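Quick caveat, the model's predicted, so the values are computed rather than measured. The chain is numbered in sequence order, starting from 1.
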Amino acid sequence: MTATLRTASTSRALDLGPAVELVSKEEGHRQPLAPEFVSAEDFSPLEVAYDFGRIRREDIEAGPKNIWRYKKLLPVPSNVEEIPNTEPGCTRLVRADRLAKALGLKRLWVKDDTGNPTHSFKDRVVAVALAAAREFGFDTLACPSTGNLANAVAAAAARAGWRSVVLIPSSLERAKVLTTAVYDGNLIAVDGNYDDVNRLATQLAAEHDTWAFVNVNVRPYYSEGSKTLAFEVAEQLGWRLPEQIVVPIASGSQLTKVDKGFRELGSLGLVEESPYKVFGAQATGCSPVSAAFRNGYDVVQPVKPDTIARSLAIGNPADGPYVLDTVHRTGGAIEDVSDEEIVEGIRLLARTEGIFTETAGGVTVATTKKLIETGKLDPEAETVLLITGDGLKTLDAVEGRIGPKATVPPNADAVRQALES
């Protein structure tokens, strides 16, 4: 189904695949597809509604080895795979038996999204946002970012031949600054935290009508990219849903969209509709959603972030209330962990499964440990952990804590002595 895009100079068919309209999350008000993110009726976030038609497993399995195998479930053009893009997705699902043993879990899988083009799950959401932005007639890809999104936007714009404008907090990890700047877009450091940067981006989006801020004015389309994590997990498990999944929380969008993806697969008959629980993970230094869950609130009180997990350091998470709804509905829970626990989570995953994750992944692993210890997560149930970014981006988190076991002269005896000591 197509809609019509009308601007001052053109009127043409809008191809966003199965997407048919936008709907407000609070009261279900519907409106045409457009680059808008808040309902004028009830002031709640907008999300994409679809008319999927019939979709078969075999059609998906015959698709490309990237997220476009799921294009009939996404708000993207029917020919999306033919247009230059970073082709993210189809990352590995690792059976993590050694980590499972260390944590006391029976069956554990790690969804390792470090294998994406810029080494985080953000390549997924940016690819979908860019595809939609192209249909809406934008010419510049932009974002406020805590780091991973900056990498993904700069790379995607370079691949597409677009201009990019990326805003970051000036305190961002050096590795993430360099791995954004290398794409030679417009990288602007802002004195302030992410929430300050996000407010600035919202202002700029209103002033520049050809700039697609992926997590602002095209946010409804961008956020749908996180569903592909759910689609891949289910397909890689043999077209079934896990019993439990642990998801890191920044804005909260990823957690809610993973849940949406699972529900869509069930409603379409692509998997058996079976119960599952969604768990959320935060850093104690930025844990407004965890605090709300613990205190039984249905609103989230903003906080000032103070944590090494900068990719999760969003003090006023836009989807916080919807995370609470999802976790309560599925019977899950939300916990938070200290910076020390985060580092130990990074090291535990590395030494048991050979996967080096950034601080957000350390949050996920450490939170899973805490959820088990507090009896909130069932150790007998099949569990999936989302590892969303590469440890090479946050080397400062482990710097000074790890290094050579010894420094020795170049002879075998010295090596033997070091190994025995």
Side-chain angles (χ1 to χ4, degrees), residues 65-67 85-100 108-128 145-156 159 172-180 182-183 225-233 235-237 242 245-250 254-255 257-258 281 283 308-313 342-368 383-399 402:
K65 296 296 184 182
N66 55 56
I67 62 170
N85 67 89
T86 57
E87 300 179 0
C90 285
T91 57
R92 59 184 185 154
L93 183 69
V94 178
R95 177 156 179 164
D97 291 339
R98 296 189 70 239
L99 179 59
L108 178 64
W109 301 86
V110 168
K111 181 58 172 169
D112 179 15
D113 239 28
T114 67
N116 275 310
T118 68
H119 309 288
S120 89
F121 89 97
K122 290 294 188 181
D123 290 312
R124 299 172 180 271
V125 290
V126 169
V128 175
S145 175
T146 57
N148 286 326
L149 182 58
N151 296 170
V153 164
R159 172 70 176 139
L172 196 64
E173 298 101 329
R174 185 63 177 164
K176 288 180 179 175
V177 174
L178 294 176
T179 51
T180 302
V182 72
Y183 298 106
S226 287
K227 295 191 308 183
T228 63
L229 280 161
F231 299 156
E232 285 181 24
V233 166
E235 183 180 355
Q236 289 168 324
L237 287 175
I245 187 165
V246 185
V247 185
I249 299 171
Q254 183 186 70
L255 185 148
K257 295 304 181 182
V258 166
I308 62 170
R310 294 189 184 95
S311 61
L312 303 182
I342 293 168
V343 173
E344 179 50 35
I346 293 171
R347 298 182 67 181
L348 178 59
L349 179 61
R351 68 174 174 261
T352 57
E353 300 299 338
I355 298 171
F356 183 24
T357 180
E358 66 160 5
T359 48
V363 170
T364 301
V365 174
T367 297
T368 301
T383 305
V384 172
L385 308 187
L386 296 189
I387 301 301
T388 54
D390 196 315
L392 292 174
K393 298 186 177 199
T394 57
L395 291 172
D396 56 329
V398 295
E399 189 173 9
I402 57 175

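Side-chain contact check for Val233 versus Leu237: some heavy-atom pair is nearer than 4.5 Å. Considering only heavy atoms from C-beta on, Val384 stays 4.5 Å or farther from Gln236 through its side chain. At a threshold of 4.5 Å between non-hydrogen side-chain atoms, the residues Ile245 and Trp109 do not count as touching. Contact of the Val365 side chain with the Ile346 side chain is not registered, since no non-hydrogen atoms from C-beta on lie closer than 4.5 Å. With a 4.5 Å cut-off on side-chain heavy atoms, Asp112 and Thr91 do not count as touching. Side-chain contact between Arg124 and Lys257 is absent, with no heavy atoms from C-beta onward closer than 4.5 Å. Using a 4.5 Å cut-off on side-chain heavy atoms (C-beta onward), Phe121 and Leu386 make no contact. Side-chain contact between Leu392 and His119 is absent, with no heavy atoms from C-beta onward closer than 4.5 Å.
One distance of note links CZ of Phe356 with CZ of Arg351; it measures 13.5 Å at 0.5 Å rounding. In this structure, the separation between CG on Leu395 and CD on Glu358 is 11.0 Å, given to the nearest 0.5 Å. Here CD of Glu232 is found 13.5 Å from CZ of Arg92. Values are rounded to the nearest 0.5 Å. Between the OG1 atom in Thr352 and the CZ atom in Arg347 there is a gap of 12.5 Å [rounded to 0.5 Å]. Within the model, atoms OG of Ser120 and NZ of Lys393 stand 4.0 Å from one another, a figure rounded to the nearest 0.5 Å.
Nearest heavy atom pair, residue Thr359 against residue Ala397, reads CG2-CB, 3.6 Å. Considering all non-hydrogen atoms of both residues, Thr86 and Ala156 come closest at CG2-CA, 3.9 Å. Among all heavy-atom pairs drawn from Ser145 and Ala150, the shortest one is OG-N, 2.8 Å. Here the closest heavy-atom approach between residue Ala155 and residue Tyr183 is recorded as CB-CZ, 3.5 Å. Between Pro248 and Ala360, the closest heavy-atom pair is CB-O, 4.2 Å. Closest of all the heavy-atom pairs between Val128 and Ile67 is CG2-CD1, 4.1 Å.
Partners of Glu173 under the salt bridge (Lys or Arg N to Asp or Glu O under 4.0 Å) rule, at least two apart in sequence or in another chain, are Lys176, Arg310. Under the rule for a side-chain hydrogen bond (donor to acceptor under 3.5 Å, both in side chains), Thr368 has no partner lying at least two apart in sequence or in another chain.
Glu344 places no side-chain N or O within 3.5 Å of a backbone atom of Ala366 that could act as its donor or acceptor partner. Within the 3.5 Å criterion, the main-chain N or O of Thr364 finds no donor-acceptor partner in the side chain of Thr367. Remark: the backbone N or O of Gly89 is paired with a side-chain donor or acceptor of Asn116 at under 3.5 angstrom.
For the residue pair Thr118/Asp123, the side-chain donor-acceptor check at 3.5 Å is satisfied. Under the 3.5 Å distance criterion, with hydrogens and angles disregarded, no donor-acceptor pair is assigned to the side chains of Lys122 and Asn151.
When Val343, Asp396, Thr394, Val398 are each tested for a side-chain contact (heavy atoms from CB on, under 4.5 Å) with Ile308, only one passes: Val343. Shown are Val94, Ile387, Leu229, Thr388; of these, the side-chain contact (heavy atoms from CB on, under 4.5 Å) with Lys111 is made only by Leu229.
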Apply side chain to side chain contact (heavy atoms under 4.5 Å, CB included) to Leu172 and Thr180, showing your working.
-> CA-CA 11 Å; Leu172 196 64; Thr180 302; 5.8 Å; no
